[in-house]
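The chain is numbered in sequence order, starting from 1. Values in this document were obtained by computation on a predicted structure and should not be read as measured data.
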Amino acid sequence: MAAIAALLLRQARSFTSILPNNHHILSRAGGTFNRRVLLSSSTTANSGTDADTNLSSSSDEQQQQQRIPRGDISGVDARAVAENLPLVLSHLRSRRANESTIDAAEKIAALNEERVSMIQERDKALNVRKTQSAVVGQIMRSLNSKNNESDDDDDVSAKQKELEEAKRLSGEAAETASQTEERLSEIESTVSSLLASLPNLLDDSVPDGDDDTQNEEVKVWGDIDALPKKLDYPPEFTPLWHDDVASSLNGWKSEQAVAMSGARFVALTGPVARLERAISSFFLDLHTSPEHGYTEVSPPLVVSRSALEGTSQLPKFEDDLFRIDGSSHTCNGEDAFLIPTAEVPLTNMHRGALLDEDDLPISYVALTPCFRAEAGSYGRDTRGLIRTHQFAKVELVKITTGGTSEVEHEGLTRHAERCLELLELPYRKVRLCSGDIGFSARLCYDLEVWLPGQGVYKEISSCSNTGDFQARRMALRYRPKEEDSPEQKEQAKGNKKKKKKKVKPEFCHTINGSGLAVGRTLVAILENYQLPGGGIAVPKVLQPYMGGLEVLKLD
């Protein structure tokens, strides 16, 4: 029996390896949806022999050992790369970075060594110039002094020769310093450009993996059979896609949108448009309530190149952005772009600022349209509202300290989860693996909502902790509180006054996440709350925003 069990286990693993998503197989039987969890090489089995479990754990440990723990390295700058090159390279390889990115890190380390050498050479030349300039001044004063009128011609000639030599040495040193400074400027420019191509270092808790099939499931909330039972689905009922549901309510106008705007644009009308507005209002009211405590912001939808560089959408993802023609508008002389997410203007509101620790954390929420070219998604999610060029999103942003960063990230993620729970939408929470995590994130959770029409879990929110990665790029810092040392406290008792040293500023940490993507929430409601007889049931928390309507039907 043990041999048969082992054979079946190997066959199950082999089968899951060919699936597009090997976490679950979804089947429908008796009018309900059942999720059958299968074993895969990237996740721990819920059943099987101890040997199989240990083998899987051993494999995971080996993968993690390939990535050197980041330790107390806070951010990615030239010095950190140069002094910790093996660590940085291990994180890049864990991210499945391409060779050009690996080469960039190695070049930064090499250039940093040259930079240190150049700084020493420049400082040596500047010291020579300073010394020889002083000699020139001393000799000039001596030659011009009345006390030296009695000097014979030989003494004067010797001093003039000494003067010329000092001038020559000073000039050569100045030229050397100038050339070295020019080379240093070139190095700084090259290193800055190379650093912009390097992603964030990974948190030690990020699992190793190639793509989204190897993300780590952290939590599953809700029963995907609960709403079908509540809405009395007959055994033969097959849920429709959201666009079919919206069309049945005469609220889906994709052809008209495409005719005026092109592919990947959609227009909503009537009750469907009203439902979308209700979702947005509910999210904003929830996040600005004392329970969540965010400050609502209505930010600009056009931002500069430097703003996008600060949040790291540029330079790497320029092809995914909508750029405004320079003849129409520039942002203070810079290239202008439509925002891909409200994360950009919300975080940049404090660009270049020095904040007080007492003012942190700062919590912002904004509802905005977002614009993305989706350059790398040709042929993917072409149907419906899943992937469009324009979509509404409620964005959550926190600016905090390094010491509270982890807690604030978990809190922001929990706020996004709460939206789904109040809407009674089943979801799962996954920790993104090293090959799937975003460029600027050190740790990221995805929330994936259940879509019965499509029979899949689909991302509806990504909640990322970027550490100080973005703050370094936008010079966003805070000054920690001044806490008295034991010696200072003792001095205070004896009334001895001593001037306090100012605490050195530190880079802030930034956290962002969708709370939630409005369009995808609409998709989830249309698919989960559709009624077998037509129309959809309005989730209870949205009914006050819909004038008390409990059901949307085509009149």
Side-chain angles (χ1 to χ4, degrees), residues 62-71 73-115 186-215 305-306 308-321 340-341 343-344 372-378 431-444 446 462 464-474 507 510 512:
Q62 290 175 358
Q63 288 177 325
Q64 288 287 4
Q65 287 170 2
Q66 292 174 0
R67 186 174 77 229
I68 301 172
R70 66 179 296 152
I73 299 175
S74 59
V76 183
D77 57 21
R79 182 176 177 181
V81 173
E83 294 180 355
N84 304 276
L85 184 59
L87 182 151
V88 172
L89 293 178
S90 76
H91 282 243
L92 293 178
R93 292 190 177 101
S94 183
R95 280 179 171 272
R96 281 47 173 181
N98 57 34
E99 283 305 312
S100 64
T101 305
I102 301 291
D103 291 344
E106 293 174 336
K107 190 170 183 180
I108 288 170
L111 286 172
N112 193 66
E113 289 184 11
E114 183 181 354
R115 173 180 168 274
E186 293 174 0
I187 291 174
E188 292 287 354
S189 177
T190 302
V191 167
S192 178
S193 177
L194 292 171
L195 278 172
S197 70
L198 295 188
N200 203 350
L201 297 177
L202 298 168
D203 188 85
D204 293 340
S205 67
V206 173
D208 190 86
D210 295 327
D211 52 37
D212 61 357
T213 64
Q214 294 177 301
N215 292 337
R305 177 174 288 276
S306 58
L308 288 156
E309 288 172 345
T311 47
S312 71
Q313 277 82 11
L314 287 179
K316 187 174 178 63
F317 304 107
E318 185 160 353
D319 288 345
D320 285 332
L321 301 174
T341 166
E343 168 199 343
V344 180
R372 296 184 188 175
E374 301 287 0
S377 61
Y378 180 79
R431 184 182 289 111
L432 298 196
C433 72
S434 57
D436 191 38
I437 194 169
F439 181 84
S440 64
R442 69 159 57 170
L443 175 64
C444 181
D446 267 11
S462 282
S464 301
N465 186 346
T466 72
D468 65 3
F469 188 77
Q470 293 179 333
R472 285 177 177 272
R473 294 181 174 219
M474 62 178 69
F507 286 107
T510 59
N512 64 79

Any side-chain to backbone donor/acceptor pair from R472 onto D77? Under 3.5 Å, distance only. no
Chi angles and distances behind the side chain to side chain contact (heavy atoms under 4.5 Å, CB included) call for R115, T190:
CA-CA 11 Å; R115 173 180 168 274; T190 302; over 6 Å; no
Nearest heavy-atom contact between S205 and L443 is OG-CD1, 3.6 Å
To the nearest 0.5 Å, atom CG of L321 lies from atom CG of L308 at 5.5 Å
Measuring only between side-chain heavy atoms, which start at C-beta, is E318 closer than 4.5 Å to R305?
yes
| task | Give a yes or no answer on whether the side chain of S90 reaches the backbone of L87 with a donor-acceptor pair at less than 3.5 Å. | result | yes
* For T510, does its backbone N or O pair with a side-chain atom of T466 as donor and acceptor, under 3.5 Å? -> yes
Here the pair of heavy atoms bringing I73 nearest to A80 is CG2-CB, 4.3 Å
Taken to the nearest 0.5 Å, the spacing of I68 CD1 from D204 CG works out to 11.0 Å
**Request:** Kindly say whether E186 contributes a backbone atom to a donor-acceptor pair with the side chain of S189 at under 3.5 angstrom?
**Result:** no
| Can you find a heavy atom in the side chain of D203 that is under 4.5 Å from one in the side chain of N465? | no
Look only at the side chain of H91 and the backbone of R67, and say whether a donor-acceptor pair between them is shorter than 3.5 Å.
no
Sidechain-backbone polar pair: R372 side chain, P340 backbone, donor-acceptor under 3.5 Å: yes
Closest non-hydrogen atoms of L85 and A105, given as atom of the first, atom of the second and distance, are CD1-O, 3.7 Å
For T311 and Q470 the tightest heavy-atom approach is O-NE2, 3.2 Å
Nearest heavy-atom contact between N112 and A78 is OD1-CB, 3.9 Å
Main-chain N/O of L432 paired to D436 side chain as donor or acceptor, under 3.5 Å | no
Only residue of R93, R96, R431, R95 satisfying salt bridge (charged side-chain N to carboxylate O under 4.0 Å, His left out) with D208 is R96
*asked:* Donor-acceptor check, side chain of S440 to backbone of S312, threshold 3.5 angstrom: yes or no?
replied: no
- Assess whether side chain to side chain contact (heavy atoms under 4.5 Å, CB included) is satisfied between T341 and Q313, documenting all intermediate values. CA-CA 10 Å; T341 166; Q313 277 82 11; 4.0 Å; yes
**Prompt:** Looking only at side chains, do S100 and D103 share a donor and an acceptor under 3.5 Å apart?
**Reply:** no
Using the rule given for side chain to side chain contact (heavy atoms under 4.5 Å, CB included), can you reason through V88 versus I108, listing the C-alpha separation, both sets of side-chain angles and the distance that settles it, and then say yes or no? CA-CA 11 Å; V88 172; I108 288 170; over 6 Å; no
Distance col, row E188:CD vs L195:CG, nearest 0.5 angstrom, shows 9.5 Å
dist I102:CD1 -> L198:CG (nearest 0.5 Å) comes out at 9.0 Å
The reported gap from CG in L194 to CG in L111 (rounded to nearest 0.5 angstrom) is 7.0 Å
The reported gap from CD1 in I187 to OG in S192 (rounded to nearest 0.5 angstrom) is 13.5 Å
Please report the C-alpha distance between S462 and D446 in whole Å, then the side-chain angles of each, then the deciding distance to 0.1 Å, and finally whether the side-chain hydrogen bond (donor to acceptor under 3.5 Å, both in side chains) criterion is met.
CA-CA 4 Å; S462 282; D446 267 11; 2.4 Å; yes
If we only count heavy atoms from C-beta on, is the N215 to P207 side-chain gap below 4.5 Å?
no
Next on the checklist: One pair to check against side chain to side chain contact (heavy atoms under 4.5 Å, CB included): I437 and N200. What are the steps and the verdict?
Outcome noted: CA-CA 10 Å; I437 194 169; N200 203 350; over 6 Å; no
